[in-house]
Amino acid sequence: RGTSDNHGIMLNSNNYFSVIEYNNVTTNGTTTTNLGVYVVSNGAGNNITNNIVNTTGTSGNTGIRLWINVNLTVVDNNNISTGGTTYSNLGIYLPGSATSNNITNNIINTSGTSGNNGLQIEGSSNDTLILNNSIKTGSTSSSNEGILIQSKTFRTNITHNRIASNGVGGSVHGVRFLNNADNNVVEYNNITINATAGSNFGIVSTTSTGNNITNNVIATNGTSSNEGIRVQTDSNNTLVNNNDITTTGSAGSNIGINL
């Protein structure tokens with residue numbers, strides 16, 4: 001335990017085919033950036049399975065982080081809880097150029113004031129499989145996402161996940177594609193959004209093309225605008241098919257699909 005940058009387990013650069021298994025990892029700090037499992041750049045073929053990971057601090061606390069050029073990693077059957085007294089506490093984070101990673105069968109819980117995302121993948125981290133995870137995100141003030149895919153990240157497969165996002169104010173999303181997150185699949189997921197204020201969205205695509213949104217069960221509920229699926233701002237060639245959508249709210253607009 002320290003002030004910041006506390007790491008439970010860290011694999012240094014150029015680490016290949018390591019196994020991190022059956023560990024109970026707790027990292028606490030009095031300020032920011034406390035990481036449970038941290039895989040540093042330029043690794044491949046590592047296996048992170050069956051771990052219990054808890055991180056706490058003020059902000060920027062992450063359960064599992066796969067850093068730059070970490071490829072062909074299996075993240076399976078971990079129980080991850082990340083919390084902070086302020087913002088941006090992430091369950092699993094792939095910040096850039098991490099390709100062909102499998103994130104499966106994990107239980108993820110995040111909490112804080114805002115920006116607490118279950119999974120965040122960005123910066124040309126392509127060909128990720130996100131399968132059969134249970135994700136719960138919460139915030140006490142502003143926005144959070146169950147799964148956020150952004151910044152030129154392509155061909156993510158998001159299938160058979162259970163996502164519950166809750167918040168107070170701001171925007172709450174189950175799955176969000178942003179800024180050229182293209183050619184992704186969102187299929188057979190169960191997404192529930194509840195917030196006491198702000199806007200609530202099951203799935204949103206913004207400036208992202210060629211995404212396939214099919215066979216999902218989506219329920220949104222809150223006091224303001226509630227939408228099951230929103231496709232907006234140059235999100236072309238998007239397929240929205242055979243989704244089961246329920247939107248309810250005590251105020252504002254309630255829209256199933258907004259194109």
Side-chain angles (χ1 to χ4, degrees), residues 91 103 107-110 115-121 128-139 142-150 153 155-259:
I103 301 171
I107 298 172
I108 302 169
N109 292 278
T110 69
N116 307 295
N117 304 330
L119 278 164
Q120 184 167 321
I121 302 176
T128 303
L129 173 65
I130 302 171
L131 173 68
N132 199 36
N133 300 282
S134 178
I135 301 168
K136 184 178 181 180
T137 69
S139 67
S142 189
S143 59
N144 60 81
E145 279 93 20
I147 298 174
L148 173 61
I149 311 295
Q150 63 180 353
T153 294
R155 297 181 301 277
T156 305
N157 187 325
I158 303 170
T159 304
H160 287 296
N161 300 282
R162 297 161 302 285
I163 302 168
S165 293
N166 304 291
V168 180
S171 297
V172 177
H173 305 84
V175 177
R176 187 180 189 188
F177 297 114
L178 184 64
N179 296 334
N180 302 114
D182 302 334
N183 301 314
N184 304 290
V185 173
V186 187
E187 190 172 37
Y188 295 110
N189 300 282
N190 192 313
I191 301 171
T192 304
I193 310 297
N194 288 293
T196 57
S199 301
N200 309 296
F201 304 96
I203 300 172
V204 174
S205 178
T206 305
T207 58
S208 299
T209 64
N211 291 309
N212 184 328
I213 303 169
T214 57
N215 300 304
N216 301 284
V217 177
I218 302 169
T220 67
N221 180 54
T223 57
S224 188
S225 299
N226 303 285
E227 298 184 13
I229 297 172
R230 173 184 278 194
V231 179
Q232 63 182 9
T233 318
D234 298 322
S235 290
N236 302 315
N237 300 315
T238 300
L239 173 64
V240 179
N241 182 58
N242 201 38
N243 299 281
D244 185 334
I245 302 170
T246 303
T247 62
T248 58
S250 58
S253 59
N254 302 294
I255 301 171
I257 300 174
N258 189 351
L259 303 177

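For Asn183, the side-chain contact (heavy atoms from CB on, under 4.5 Å) criterion is met by Arg155, not counting sequence neighbours. Under the side-chain contact (heavy atoms from CB on, under 4.5 Å) criterion, Asn237 pairs with no residue at all, not counting sequence neighbours. By the side-chain contact (heavy atoms from CB on, under 4.5 Å) test, Ala181 pairs with Ile149, Phe177, Asn184, Ser208, sequence neighbours left out. Evaluation of the side-chain contact (heavy atoms from CB on, under 4.5 Å) rule for Asn180 yields Lys152, Asp182 as partners, not counting sequence neighbours.
With a 4.5 Å cut-off on side-chain heavy atoms, Ile229 and Ile245 count as touching. Considering only heavy atoms from C-beta on, Ile158 stays 4.5 Å or farther from Val185 through its side chain. Side-chain atoms of Thr238 and Ile213, non-hydrogen and from C-beta on, do get closer than 4.5 Å to each other. Annotation: side chain of Ile218 is in contact with side chain of Ile203 (closest heavy-atom distance under 4.5 Å). In this structure, Ile103 and Leu119 have side chains that are in contact, with non-hydrogen atoms separated by less than 4.5 Å. Asn166 has its side chain out of reach of Val172: every pair of non-hydrogen atoms, C-beta onward, lies at least 4.5 Å apart. Between Gln232 and Val204, the closest side-chain pair of non-hydrogen atoms falls below 4.5 Å.
In this structure, Asn194 CG and Asn221 CG are separated by 5.0 Å, a value rounded to the nearest 0.5 Å. Separation of atoms CD1 (Ile121) and CG (Leu148) is listed at 9.0 Å; rounding is to 0.5 Å.
Heavy-atom minimum distance, Asn243 versus Asn215: OD1-N, 3.3 Å. Heavy atoms only, all atoms of each residue included: Thr209 and Asp234 are closest at CG2-O, 3.5 Å. Contact between Gly146 and Ser165 at its shortest, heavy atoms only, is N-OG, 3.4 Å.
Residue pairs meeting the ring-ring contact (aromatic ring centres under 6.0 Å, His included) criterion with at least one member in residues 208-255: none, sequence neighbours excluded. Within the structure, the ring-ring contact (aromatic ring centres under 6.0 Å, His included) test picks out the following pairs touching residues 182-224 (sequence neighbours left out): His160-Tyr188, His173-Phe201.
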